[in-house]
Amino acid sequence: MFRAQILLPLLALSMRVVAHGNVDTVTISGQVYTAYQPYQDPYKNPVPDRIERAIPGNGPVEDVTLLDIQCNGQGGTGAKPAALVASAAAGDQMSFHWTDWPSSHVGPVITYMGAVPSNTDITEYAPTGSDVVWFKIDEGGYENGKWAGTDILTSQNSTWTVTIPSALKAGQYLVRHEIIALHSAGSYPGAQFYPDCFQIELTGSGTETPVSDALVAFPGAYTADTPGIVFNVYNGKPDAQQSGDAPLK
Ligand SMILES: *[C@@H]1O[C@H](CO)[C@@H](O)[C@H](O)[C@H]1NC(C)=O
Ligand SMILES: [Cu+2]
């Protein structure tokens, strides 16, 4: 009892100073882009144009019911469209380089894409929570004693690389790349979501679109009951149900 009373304020203090993280550069089809810099861009004049939608900082979203869970944001407002669009070809690679990721923040690294409606431009499109447009193209979880988020990421120069499905139909897409940190996820709320969204224009001769069963909305994809969102990392292995890419049709 005595010990707990002393430890609690210390813990609270250390949680405030711990660094989290965000994507700081992204390489798409060989072209390197500076990601949105939350601690620099807003203070520049003019504010630089980016392919990434603005994020409020390097901290997490924890409420899975807010629009913020989609592309990051603050206070439920979500993220606004960005000015630039990266060009990519189906089958090409995208590499996300994260700022130093704290070793305590273990969890999966997941990437979704979302097609922009053909009558809309991506620089004006922000999906609502009822737009069921997102499909998973990549996920790393826990395998052979290693977490994607931290162990693998750190061993790869803080870089996560995904391949755009080669059969995917050309057009504009949002790319939502996230780490879910599970170090406090034993109960909800607790899991920490760190999503970053990028705007791409896909070329190529692909004709396929995701099957409708594979599509989710943000918010909506994650709930307080989703396996893997409530998870005790200190007491077992993660549920494998989140793995696998979305099937295309
Ligand atoms: C690590 O990634 C950064 C950002 O992409 C890059 O500038 C740097 O050259 C990489 N380092 C190595 C050793 O690959
Ligand atoms: Cu953190």
Side-chain angles (χ1 to χ4, degrees), residues 7-41 48 50-52 55-64 66 68-69 71-75 79 84 86-88 92-111 138 140-142 146-164 175-200 222 228-234 238:
L7 274 175
L8 277 175
L10 282 175
L11 269 177
L13 189 69
S14 66
M15 281 176 69
R16 218 171 301 143
V17 297
V18 78
H20 314 273
N22 56 276
V23 173
D24 64 353
T25 59
V26 56
T27 305
I28 297 176
S29 301
Q31 173 86 37
V32 180
Y33 299 88
T34 301
Y36 181 80
Q37 307 290 307
Y39 300 109
Q40 295 162 27
D41 284 2
R50 303 293 187 202
I51 62 162
E52 184 186 359
I55 57 174
N58 64 9
V61 177
E62 293 175 88
D63 184 340
V64 297
L66 297 182
D68 298 350
I69 198 73
C71 291
N72 217 321
Q74 201 159 35
L84 302 185
S87 113
D92 280 355
Q93 291 189 324
M94 303 183 282
S95 294
F96 306 93
H97 180 265
W98 287 77
T99 55
D100 277 343
W101 190 249
S103 60
S104 61
H105 285 37
V106 294
V109 181
I110 308 181
T111 305
D138 181 80
Y142 184 85
K146 289 184 174 79
W147 282 100
T150 297
D151 301 313
I152 307 290
L153 185 72
T154 304
S155 74
Q156 297 174 166
N157 186 30
S158 299
T159 304
W160 196 267
T161 299
V162 310
T163 302
I164 302 170
V175 176
R176 178 185 180 280
H177 177 71
E178 76 179 332
I179 297 178
I180 307 177
L182 297 176
H183 55 291
S184 309
S187 59
Y188 178 86
Q192 300 184 343
F193 302 83
Y194 297 83
D196 289 273
C197 287
F198 304 87
Q199 302 180 166
I200 70 168
Y222 303 146
I229 298 304
V230 174
F231 186 79
N232 186 339
V233 292
Y234 310 103

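Just follow the structure's listing: the first ligand is 1, and inside any ligand the first atom is 1. Source: prediction; values computed, not measured.
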Worksheet item: atom 7 (O) of ligand 1: protein heavy atom closer than 4.0 Å?
Response: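 No, there is none.
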
Discussion item. Is atom 14 (O) of ligand 1 touching the protein, meaning some protein heavy atom lies under 4.0 Å away?
Written reply: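 Within 4.0 Å of atom 14 (O) of ligand 1, protein heavy atoms are found.
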
Worksheet item: Can you say whether the rings of His177 and Phe96 are parallel (under 30°), tilted (30 to 60°) or perpendicular (over 60°)?
Response: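 If you compare the ring of His177 with that of Phe96, the planes turn out parallel.
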
Worksheet item: Parallel under 30°, tilted from 30 to 60°, perpendicular over 60°: which one fits the rings of His105 and Tyr194?
Response: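 It falls in the tilted class, 30° to 60°.
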
Worksheet item: So is Thr159 polar-close to ligand 1, meaning N/O to N/O under 3.5 Å?
Response: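 Between Thr159 and ligand 1 (N or O atoms, distance only) the closest approach is not under 3.5 Å.
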
With heavy atoms of [X] as the reference, note each atom of ligand 1 found under 4.0 Å away.
| X | answer |
| --- | --- |
| His97 | 2 (O), 3 (C), 4 (C), 5 (O) |
| Thr25 | 4 (C), 5 (O) |
| Asn157 | 1 (C), 2 (O), 3 (C), 8 (C), 10 (C), 11 (N), 12 (C), 14 (O) |

Item to complete: Please work out the angle at the Cu ion (ligand 2) defined by atom NE2 of His105 on one side and atom ND1 of His20 on the other, rounded to 10°.
Response: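 That angle works out to 150° after rounding to 10°.
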
Polar contact flag, side-chain donor to acceptor under 3.5 angstrom, [X]-[Y]:
| X | Y | result |
| --- | --- | --- |
| Asp24 | His97 | yes |
| Gln31 | Tyr33 | no |
| Thr27 | Ser95 | no |

Item to complete: Report yes if some heavy atom in the side chain of Trp98 is under 4.5 Å from a heavy atom in the side chain of Ile179; otherwise report no.
Response: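 A side-chain contact under 4.5 Å exists here.
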
